2 protein chains.
Amino acid sequence: MNIYDIANRANVSIATVSRVINDSPKVSEKTRKKVHDIMEELGYTPNVFARGLGLNTMKTIGILCSDPSDIYVARALSYFEKMLRENGYDSLLCCSGYDTKNLKKYLNILVSKSVDAVIMIGSKYISAKDNKNLIKNTAKSLPIFLINGFLEGENIYCSYYDDFNATKKSVNMLYNTGNRKLLFLYNSTSQSAKRKLDGFISGCKELKIKSENYATLLCEENEIESINLSLKKFTKEFFFPDGIIASDDFLAMTALKFAKQNKISVPDELSIIGYDNSIFSKMSYPELTTVDSRLFDLCSRSVKTLLEVFDGHSPENIYILEPSIIERDTFKSKN
Amino acid sequence: MNIYDIANRANVSIATVSRVINDSPKVSEKTRKKVHDIMEELGYTPNVFARGLGLNTMKTIGILCSDPSDIYVARALSYFEKMLRENGYDSLLCCSGYDTKNLKKYLNILVSKSVDAVIMIGSKYISAKDNKNLIKNTAKSLPIFLINGFLEGENIYCSYYDDFNATKKSVNMLYNTGNRKLLFLYNSTSQSAKRKLDGFISGCKELKIKSENYATLLCEENEIESINLSLKKFTKEFFFPDGIIASDDFLAMTALKFAKQNKISVPDELSIIGYDNSIFSKMSYPELTTVDSRLFDLCSRSVKTLLEVFDGHSPENIYILEPSIIERDTFKSKN
DNA sequence: CTGTTAGCGCATTCAT
DNA sequence: ATGAATGCGCTAACAG
C-alpha cells in the first residue's frame, strides 16, 4: 500500500495526500479529514525509505559507545533514547567495544547510514591524535556531540564535568578530616580519568602532602579479581591508605570489598570516595560517599544543544558541569 | 555524489557500478578494480535510502526493551548489538519504559521504520491479553523474537529459561541443607517472575513444608528503600527466614544488605540465593550464590534463529534453556 | 560480461 | 486548494 492507493480511494491526487501526511496548511479541512480517515481505515504508514530518499534524512541519531553493559554508558543511553524519541528521533546504536582503534570503522558505519548526528558517549575515543582528526573530519558532514569528552572543532559540541576540581575537592575533604595516607584508584587513560588523576595530584601537592603519603594506582583490567590483586600488591609494597578516592563507583565498591576481606573497618579505619553516584553506591553496605557526576544534566543539555543545531541556531560548543560530593557512609572524619 | 558520477568517471554504466557495489560475480576483474579505485578515490558511499527503497530493507533490527539502564537488559542489548553487527545488521533501539500499555505505540514506531525484525527483551510485555494479540498481529508483517518470554504464534520465536525448575532446585537445595523457613522475594508479575514463583511454591509443596514456614513477598517498587521496608514489615509480622530465594540479584543483594543492617550473619543464620549471575553477585560481600540464567546463550541462540529465518529456513519456534545454580558464599548447609 | 530501462514511494515545484 | 509531472539514487530484469 502506498500513497497512490490512498489517493485513489480518496479521489484526490498524491500531492494532496502528501500534504495531509506532512500537515501542510494548504489543504481544506474537509479533504484533510477524508484523507485522514482513509489512511486510518487502511492502516497506512508512509514508507520511510522513499521519504528519506527525497529529504535525505530519516530522523535518526547514531549513538556511539563502548559497551552498553557498562552502567554509566547504560544510563546515558537510557536518557538519550528517551529524550531523542520525545523529540521525534530514533536512536541507532553502535557499540565499538573498548578498543578505540576501530573508531573509523564505526564512524563510517554511522555516516553511511545517513544518521543526522552522532553522539559519542565516553571520552576514551578522543585520546589518540588520529582519532581527533577523524572526528574533526567526520564533523564536516554531520554534527558530533561528545559526552564527557573535550575536542575543539567546527560542528563538534562537547559537554563534560569539571572532574579535576571535583577530585581535588575530594582530596581536600579527606585531608581536612585527618586522613593522611591517600590513594587514587583509576581504571583507564581516558580524558576524564586523566582529569581526575590530575586533580588528585594537584590537590595533594597543594596540601604539601609528602610524596610517600599519596599514590595513584591504575587498574586497567576492569575485573574484581584483578583489582583485588593490584590492591594487595600495592598495600604490601607501599602503604595501607586511610583514604581512597576512586575514579568510579565500581572501583570504590571493589576497594570496599577488599577492605572487608582484610578486616579493615570502613569508614573507621578507611574512608572511600567513589564517583558517579551510580546505583552501586546505594547498593553497597556501607553506602558509598561519591561524586555526583550529574549524568542526566549532561545528557539533557546535550540533547538541547542538538535540537538547537538542527533548528539552525549556533549554540555554545563547550559546556562544563560542576559536580558535587554526596556524603554517605564510607567517609568519616578522623579528627 | 551518486552512482552516475562513478559510472561516468569509470566509463561504465550504472548497472556495472551497482554490480561492483554488491559484489556480483558477473563483473570482470579489470572493471571491478577500476570501479573500486574510483569509488575509493572519491570516497563514495551508496545512498542507503535509495537502496532501501528498492529492496525494502535497510538491514536493521528493532530492539524493544523496557530500559537499558537495567543491568539485565543492558547485558542483553550489548550481546545483541555485537552479534547483529557482526552479521551486517544495525540495531535500532526503542525503549518503552516499564509501562506495558504503550506496546502498540512502540511496535508501530518500529514497523513504520521498516525494521527487518523485532527483538523484544523481557517478558513483561506479554502478560496482558491485548498485547498478545498485538504481537501476533505484528508478526504478520515481520518476524518477532521474544527473549525470556513465551508466546505461540506464526512468525514468533521465543527463547526462555526453565525458571520454574531452577527455582524449585533452589528450594530443594535450601531445604535439604536444613533451612526451614523460606521466603521468595520477587519484584514483578512478568511471565518469568511467575514461573519462578510457581517453581517456589511447587517446590515447597512437594517437600510438604508447612504453609506457615514459607512465604512469598512481592516488592513492586524496585528501589532499595522500598524493598527494605517490605522486608522489615514482613519479618515483623510473620517470621524471619533462614533461607531467601530472590528473583534477581538486585533483590538478593538488597536482602543481604538488610540482613547486615540487622546483624544477621550470612550465610550462618541466613542463606540467600539470587538469580542471573550478574555483576552484582560478584560485587557483593559475601558473594551471592545465584542461578546462572545463561543470558549469553539465550541471546546468541536467538540471533542464530533470526539468521535462519532470514535465510528462508524454518527453525523451531520455541527454545528453552536449563539454568544451573552457581554456588558462592551466601549459601551454607545448616546441617 | 555489460548496458538500457523501469520501477521503488514520496516530496515538491509549477501550473491551474 | 488541488493536480500533473519530475527527481531523489539505487536494484534488477531484460536485452545484447
Side-chain angles (χ1 to χ4, degrees), chain A residues 1-39 42-60 88 90 111-116 141-142 310, chain B residues 1-39 42-60 88 90 108 111-116 141-142 310 312:
Chain A
M1 175 174 29
N2 57 33
I3 201 170
Y4 288 92
D5 299 323
I6 307 296
N8 280 334
R9 286 271 293 224
N11 283 320
V12 296
S13 73
I14 60 161
T16 301
V17 178
S18 177
R19 288 189 189 103
V20 172
I21 292 171
N22 294 291
D23 280 325
S24 158
K26 318 187 219 178
V27 183
S28 74
E29 229 10 85
K30 199 178 153 192
T31 324
R32 179 185 311 282
K33 184 172 175 0
K34 187 171 58 177
V35 174
H36 249 143
D37 288 350
I38 291 178
M39 294 198 302
L42 271 61
Y44 164 76
T45 328
N47 180 305
V48 282
F49 303 131
R51 169 176 270 169
L53 185 54
L55 302 179
N56 210 36
T57 161
M58 215 160 94
K59 296 211 89 177
T60 301
D90 285 320
V111 171
S112 73
K113 290 284 169 179
S114 289
V115 295
D116 298 317
S141 48
L142 42 61
F310 286 163
Chain B
M1 178 174 28
N2 58 32
I3 202 170
Y4 288 92
D5 299 323
I6 306 297
N8 279 335
R9 286 271 291 222
N11 281 320
V12 295
S13 72
I14 59 162
T16 301
V17 178
S18 177
R19 288 188 188 102
V20 172
I21 293 171
N22 295 292
D23 279 324
S24 158
K26 320 188 217 175
V27 182
S28 76
E29 231 7 87
K30 198 178 151 193
T31 322
R32 181 188 307 284
K33 184 171 174 0
K34 188 171 60 178
V35 174
H36 249 143
D37 288 349
I38 291 178
M39 292 199 303
L42 271 61
Y44 164 77
T45 327
N47 181 306
V48 283
F49 303 131
R51 170 176 268 169
L53 185 54
L55 302 178
N56 208 35
T57 162
M58 216 160 94
K59 296 212 86 178
T60 301
D90 286 320
N108 271 344
V111 171
S112 73
K113 290 285 169 176
S114 290
V115 295
D116 298 316
S141 48
L142 43 62
F310 286 163

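Residue numbers begin at 1 in each chain, while the letters A, B, ... track the order of the sequences. The model shown is predicted, which means the values in this text are computed figures rather than measured ones.
Of all heavy-atom pairs between B:Phe49 and A:Gly52, the closest is CD1-O, 3.4 Å. The nearest pair of heavy atoms linking A:Ser112 to B:Val48 is O-CG1, 3.2 Å. For the pair A:Ser13 and A:Ala7, the tightest heavy-atom approach, listed with the atom from each and the gap, is C-CB, 3.8 Å. In this structure, A:Met58 and B:Lys113 approach most closely via the heavy-atom pair O-NZ, 3.3 Å.
The OH atom of B:Tyr44 sits 13.0 Å away from the CD1 atom of B:Ile38 when rounded to the nearest 0.5 Å. Here the straight-line distance linking atom NZ of A:Lys33 with atom OG1 of A:Thr31 works out to 12.0 Å at 0.5 Å rounding.
Against DNA chain D, the stretch residues 18-36 of chain B makes heavy-atom approaches under 4.0 Å through B:Ser18, B:Arg19, B:Asn22.
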Under 3.5 Å, which donor-acceptor pairs link side chains of residues 14-27 of chain A to any protein atom two or more places apart or in another chain?
unit_1	atom_1	unit_2	atom_2	d
A:Asn22	OD1	A:Arg51	NH2	3.2
A:Asn22	ND2	A:Ser18	O	2.8
A:Ser24	OG	A:Lys26	N	3.1

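Counting any heavy atom pair closer than 4.0 Å across all strands shown, B:Tyr4 reaches a base atom. A:Asp5 comes within 4.0 angstrom of no nucleic acid atom, judged by non-hydrogen atoms across all strands. Contacts of A:Ile14 with the nucleic acid, taken as non-hydrogen atoms under 4.0 Å apart, include base atoms. Across all strands shown, B:Leu55 has heavy atoms under 4.0 Å from sugar-phosphate atoms exclusively, and none from any base. If you check every strand for non-hydrogen atoms under 4.0 Å, B:Val17 touches nothing.
Rounding to whole angstrom units, CD1 of residue B:Ile3 and P of C:dG3 are separated by 12 Å. Between the P atom of C:dG3 and the CG atom of B:Asn8 lies a distance of 12 Å, rounded to the nearest Å. The CE-P distance, from B:Met58 to D:dG9, rounds to 16 Å in whole Å. In this structure, B:Asn47 atom CG and C:dC8 atom C1' are separated by 13 Å, rounded to whole Å. The CG-P distance, from A:Leu53 to D:dG9, rounds to 7 Å in whole Å. With rounding to whole Å, A:Asn2 atom CG is found 6 Å from C:dC10 atom P. If you take CG of B:Leu42 and C1' of D:dG9, they are 16 Å apart, rounded to a whole angstrom. Separating the CZ atom of A:Arg51 from the P atom of C:dC8 is a distance of 19 Å, rounded to the nearest angstrom.
A donor-acceptor pair under 3.5 Å links the side-chain atoms of B:Asp5 to the main chain of B:Asn2, judged by distance alone.
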Trace of the side chain to side chain contact (heavy atoms under 4.5 Å, CB included) decision for B:Lys59 with B:Asp116:
CA-CA 6 Å; B:Lys59 296 212 86 178; B:Asp116 298 316; 4.3 Å; yes
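When the local axes at the two ends of the helix from C:dC1-D:dG16 to C:dT16-D:dA1 are compared, using 5 base pairs at each end, they differ in direction by 30° after rounding to 10°.
Projected onto DNA chain C by closest heavy-atom contact, A:Met1 and B:Ala15 fall at different nucleotides, the more 5' of which corresponds to B:Ala15.
Side-chain contact between B:Thr45 and A:Val111: absent, with no pair of heavy atoms (C-beta onward) separated by less than 4.5 Å.
Within the structure, a side-chain polar atom (N or O) of B:Thr16 is placed less than 4.0 Å from OP1 or OP2 of C:dG3.
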